[in-house]
Amino acid sequence: MIEEASQFVLVIVWALILAYFLGGYLTRLITGRPRMFETFLSRIERPVFRIMGIDPTRSMTWKEYLFALLSMNALVGVFSFVVLLAQGVLPLNPTGVPGTSPDLAFHTATSFATNTDLQHYAGEASLSLFSQLSLMVPMFIAPGTAIAAGIAFIRALPTSTGKIGNFYADLTRVVLTILLPVSIVVAILLNSQGVPQTLNGLLTTGSFEGASQTIPIGPVASWESIKMFGQNGGGFFGANSAHPFENPNGFTNLLEVIFLLAVPLAFPIAYGKVLGRGRGLAFLAVILVSFFLLFGFALLGGGAPIGQETRFQGFGSLLFQQSSIGANTGATNALLESLSHRATTSLFVLMFIQAVPGGAGAGFMTLVIYAILTLFLVGLIVGKTPEFIGIKISPRQVRLAVITFLVHPVLILIPTAIAFVYGHVQGILGTPTTPFGYTQALYEFTSAAANNGSDFLGTLANTPFWNIATGLVMVLGRYVPIGLMLAIAGEFSTQGARGTPEPIRTDGLPFTVTLFGLTFLLSALAFLPFLVIGPFVR
Amino acid sequence: MNLLRTHAKNGPRPDYRRALLDSLVKLNPLYLGKDSPVMLVVEAGFALVLAMGLAPGAFAGLVNQARWFYFVIAGILLLTVWFSTLSEAVSEAQGRARVDALRTLEKDVPARKIVGHSEVIVPSRHLDPGDVVRVNAGEFIPRDGVIKEGKAYIDESMMTGESIPSYKESGGHVIGGTKVATDSILVTIVAEAGKSYLDQMISLVENAKRPKSASEVSLTILLVGLTAIFLVVCSAFLFLADHLGLLIDLAILISLLVALMPTTIGGLLPAIGVAGIARVGEANVVAKSGKAVEAAGDVDILILDKTGTITEGQRTVKEFVPLKGYTKEEVGQAAYLASIYDQTPEGRSIIEVSKENGWVLPLTPRLLAGKSIDFSAENRVSGVELFVPRPGTLGIQELPTAPPEAAESRIWRLLLDLEVSARPAKVLKGAVDAILDLSPEVNEAELLWQAQEISKTGGTPIAVAVDRLVVGLINLRDNLKPHIREKLDAVRATGIKTVMVTGDAELTARVIAQEAGIDEVMAGAKPADKLVRVELEQKRGHVVGVEGDGTNDAPALAKADVGIAMNSGTSAAREAANMVDLDSDPAKILKVVEVGKQLLMTRGAITTFSVTNDIAKYFTLFPAVIPGNPAARLLDVMQLHSPVTAVLATMIFNAAIIPALIPLSLKGVKFRAEPMERTFVRNMAIYGLGGAVLPFLAIKAIDLLLALVIG
């Protein structure tokens, strides 16, 4: 008990320490004030800007920013799609795997481009080393995109110029100065713990029985580091972080948890540094308290999952799952099937809310959406039109926030219903549908819509319907909210924050409690029935 | 009687029969679709459930209850919609009652039109601007105009509710439909037929059809959004449950949908808005739109005139301050002489105080024959210019004798000297610098110092001079209006900043501001400065409230988010403003702000209530949606009698809460002067937590009753 509690505290404290420094750095990127080692950093960035033909000082409107973001992501998606289709004829293919089916290529390409990393394949069996290496491009660009959008979002709040920054500059800086260096450090740490890092695809070794066996390996440490730090979550191997090469021991388990929480937690801190410490603390408090409560709820169902990995114990498994799914990373270090129904429910709720803490950048923006909805639902009660950071919330912003909120249940519930009506669930899980089968189908779309990536179905879902349906859900679940949130930011960016306190101060205890309550209430209202007939029944 | 106070005993009764009829007409789905999308969905639910009752066969697999159940549910759903249309119709009826009341004033009366030298009786509708009419005591003023000749007491109670007739004299504005109480006046008509003040008011009240304000639009979007989510949730659930082999009754699922939808706030939203306009009406303020009332709730800066709003506007003598070499008595005597022709309240106050103290000198012939110098913005002094006799025509005649105690007065001796010399001279009082310009032979430093001392106490220093000799100063003091301090403290408690505009000097203004509890002062301000200030604050993102009465206030009134014109003010001011205060009480703006806040608070409170209600409804209804399912037992903390009573109880509560909250929507949530944070916490406790708890208790109680009835 004590050991478990100290593990938990250790992880949170370290994640917060990392988040604090990252938050400070994000603040510099947001405000454009000189960073530590500014001359050195800009010397690295300048050639990249020159090659890409970017003027980093040219600030964009939200529409230009969104357009740049979408085109960049489309480019990366198409690149992955082509590589996967053609991997059979491309180099670095030691196991001689053929190109994937077009629908799987579509699914995987969108999955990685949207930072979801839902995998309907097992990496070691279906992908060449070249494909695995190529997928690391979206693994940097996808989190970089969300972090850049989050940066632009916060930047838009205090300005009144209508310009929210340069997407290419933001993305380049995030990738070059945050994602790459930290990933390298983490990769070295993981490598020191026995995570392989090699371009040889196969390891031939003697088995315990004396025969020889071939074990697929590869650049796992570098994959793993950006998988966690960038909230990607897709495994190099089909078993994901339950595979000993991805996550060899208790230390790497905690290390990975700390790094996957770092950037999401850095966002409220950066927001606090730009717009007032109290405001940042309020968001951070909502995130941490929700996270603790959901984790506690999961533990109540019996911490130890059946079939747990003995390397991590029940607690370590649960902590990993909870953090990974809470941060929309989606990496798993134990089979989801082995979790208690409370733990499963807790994971569902994390993906329904998507903001405690949610993926880097995206999670924070989602929390702001909840804040706007909360302010408008209850804010009139003080007798004044609600304001966020001192700016009156306009009808347009409310409309955008409502649609953003609406997108999530629509993208989960309607496709799930369609999958049942047209027999695609029954097609892979058999008839009659059990509550557990239903839970798996619901989870698949929830994970896709939340850009999470964890799933029950795995390779079972490698059918055209599931590949295309979840692929579309991932694309819509990613870019529609980002577009809407940037539009909200665009509206804020023309007004400029006022120093005056809001009618309902967004930095006090009353607001924090209300935001917490309404975040859960709104999610519960939309999803409770679906939990009751599924995960509850097990 | 006050026609704008609908609740007044003798006031017009709203036409409730028509309201009832309207509420039924409003059930038309086309109308609902435009006005109340939430209720449209409820009505669609009603149609569907009714169809299930009529033709259960068409809904095979989705109908599991006895037929009466569907009819009852359909009835409750229709009732829910009707309660909402009724609340809107009732509040509209109240608004109409006020218009009708105003209409009765707008009658055609015979007018005595002056043609040449005789009076011709013509119907008032035939009058044109420029016509002159005579109005005798007991007659109605045919249309808006200006008094050309005469003075009279005018009974304006039908407009303002003020029962004491107001005194008006030539140059004063009179309003058509009011009645001359005494005397007889000549009135020049200024308004065209159909464009009188009364007409404007009627069209204002009538057209208070309320273009939706930003916050109402936002709230509607939110409610539609929530409705859309629950529609998706319930229809997806229907499909999924079917595949899981759960037995779903469509009527119960529709009940869940309606219960979760924000029907309470959706149903009361129109009524709350109409009620806001009615409530400023009760305060005797005509709001040109509901928008302005709401904007009043958002005001964070109030720009107030000093005179009339914060102070009584009648300056009275606090004391006489002599300069070196003179006595108080002599200053009093000089001030008295300078004020003999002064009809302003200040002048009368000076005369009064001098008389009380016996500091009165007899008037000399030159004074008696003197000419009044009236105060004007250019000269900024007033007093008497002594009569200058033509040389030789006026020798020393019999001079009045001064009372023995005044015989020693230097002022008296000065007067005597002037009488003898017959040279031009003046007795003046006025602004210190103006007097200084006219009387160079004074100890300037002393005068300015004394003036400053007076300013420091919040008084206005008025210098008194007799023939270029400055005798001393009058400390004129404007008294604070009763209770203004409490009112302003209340305003400030809610986070509103107050700015006082005054032509007074900085020092004087500051003292008054401090006494009244004003945050900031614009001293030495010209009328145009008001507009500049309004624009500046708006640029900073503030919502600005302004009151005013003069034509030069009109631009600021028009520019401000909330502009309240005094009814006694010029028509330019009244036109520019978005509200008119019939009582002409400038402090009324504080009341309007309160009503605006109440309006928004009521909306927020009922929305919060509506949303937190849903928690209980899930617990009461959802087990009934999936009866027998093991998971349902998990949620069934309420232990209601049966699924049927659970659904009925929840739906009855859901419908009944709308009429139950009509009084709150019409009256508004209580406003308290306190920091908004405290309002937030308290109202969240009442309407948020209350909204979460109340339905549990109420639904359980209804369920127990139903269990007795149904058995």
Side-chain angles (χ1 to χ4, degrees), chain A residues 373 376-386 390-395 397-399 402-403 405-406 409-410 413-414 416-418 420-421 425-426 432-435 438 442 495-496 498 500-501 503-505 508 510-511 514 517-518 521-522 524-530 532-534 536-537, chain B residues 214-215 217-219 221-222 224-226 228-230 232-233 235-237 239-241 243-246 260 294 297-298 300 494-495 540-541 596-601 603-605 607-608 611-612 614-615 618 622 625-626 629-632 634-635 669 671 676-677 679-681 683-684 687-688:
Chain A
L373 293 175
F376 228 97
L377 271 175
V378 305
L380 285 171
I381 217 168
V382 299
K384 243 182 140 179
T385 304
I391 298 173
K392 287 216 154 36
I393 301 172
S394 69
Q397 281 168 329
V398 172
R399 183 179 302 126
V402 167
I403 298 173
F405 178 69
L406 197 60
V410 166
L413 300 178
I414 293 179
T416 309
I418 291 175
F420 270 101
V421 171
V425 180
Q426 298 88 323
T433 306
T434 61
Y438 153 79
L442 182 70
Q495 300 179 45
R498 278 191 292 143
T500 52
I504 293 176
R505 301 173 59 102
F511 173 72
T514 313
L518 271 159
L521 179 61
L522 286 173
L525 288 180
F527 295 109
L528 186 71
F530 304 95
V532 170
I533 58 170
F536 270 35
V537 182
Chain B
S215 82
V217 172
S218 300
L219 201 54
I221 293 168
L222 206 57
V224 171
L226 283 175
I229 286 176
F230 293 131
V232 171
V233 165
S235 29
F237 189 80
F239 284 107
L240 291 176
H243 285 274
L244 280 169
L246 297 170
L260 291 180
E294 277 178 44
D298 277 335
D300 35 31
T494 59
R540 289 181 189 158
K597 284 201 175 298
Q598 275 189 305
L599 170 63
L600 296 177
M601 278 159 79
R603 251 183 223 155
T607 310
T608 309
V611 172
T612 52
D614 282 359
I615 302 172
Y618 251 131
F622 202 64
V625 173
I626 45 168
N629 192 294
L634 224 73
L635 280 182
V669 168
F671 169 82
M676 277 182 280
E677 183 127 320
T679 313
F680 179 51
V681 173
N683 282 347
M684 278 308 283
Y687 299 99

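Below, each value reflects all heavy atoms present in this structure, side chains not excepted, and no hydrogens, waters or symmetry copies. What you are looking at is a predicted structure, and each value in this text was computed from that prediction instead of being measured. Letters A, B, ... mirror the listed sequences (proteins, then strands); counts begin at 1.
For A:I504, the part sitting under 4.5 Å from any heavy atom of chain B is the side chain, from C-beta outward, and nothing else. Contact annotation for B:F671: neither backbone nor side-chain heavy atoms come within less than 4.5 Å of a heavy atom of chain A. Contacts between B:F680 and chain A at a heavy-atom distance below 4.5 Å involve backbone atoms as well as side-chain atoms. Of the two parts of B:V611, the backbone and the side chain both hold a non-hydrogen atom closer than 4.5 Å to a non-hydrogen atom of chain A. At a 4.5 Å heavy-atom cutoff, the contact between B:I229 and chain A is made by backbone and side-chain atoms alike. Using a 4.5 Å cut-off between heavy atoms, A:V402 touches chain B through its side chain atoms alone.
Among the candidates A:T514, A:L522, A:V410, A:V421, the residue making the largest number of heavy-atom pairs closer than 4.5 Å to chain B is A:V421. Most heavy-atom pairs under 4.5 Å with chain A: of the set B:L219, B:I221, B:V217, B:T612, this distinction falls to B:I221. Between chain B and the residues A:F527, A:F511, A:F420, the largest count of heavy-atom pairs under 4.5 Å involves A:F420. Among A:A417, A:G517, A:P510, the residue making the largest number of heavy-atom pairs under 4.5 Å with chain B is A:P510. Between chain A and the options B:D614, B:L246, B:T679, B:V681, heavy-atom pairs under 4.5 Å are most frequent for B:D614.
To the nearest 0.5 Å, atoms CD (A:Q426) and NE2 (B:H243) are separated by 6.0 Å. For the atom pair OG of B:S235 and CG of A:L413, the computed distance is 9.0 Å after rounding to the nearest 0.5 Å. For the atom pair CE (B:M684) and CD1 (A:I381), the distance works out to 6.0 Å, reported to the nearest 0.5 Å. For the atom pair OG1 (B:T607) and CG (A:L377), the distance works out to 7.0 Å, reported to the nearest 0.5 Å. Residue B:N683 holds its CG atom at 11.5 Å from CG of A:L380, rounded to the nearest 0.5 Å. Taking NZ from B:K597 and NZ from A:K384, the interatomic distance works out to 5.5 Å, rounded to the nearest 0.5 Å.
In this pair, B:F237 and A:F530 present their aromatic rings perpendicular. The plane angle is above 60°, beyond the 30 to 60° band.
Using a 4.5 Å heavy-atom cutoff, the side chains of B:V233 and A:P529 are in contact. A:L525 has its side chain out of reach of B:I615: every pair of non-hydrogen atoms, C-beta onward, lies at least 4.5 Å apart.
For A:T385, the side-chain hydrogen bond (donor to acceptor under 3.5 Å, both in side chains) criterion is met by B:D298, not counting sequence neighbours.
Closest non-hydrogen pair, A:P395 versus B:S218, comes out as CA-OG, 3.1 Å.
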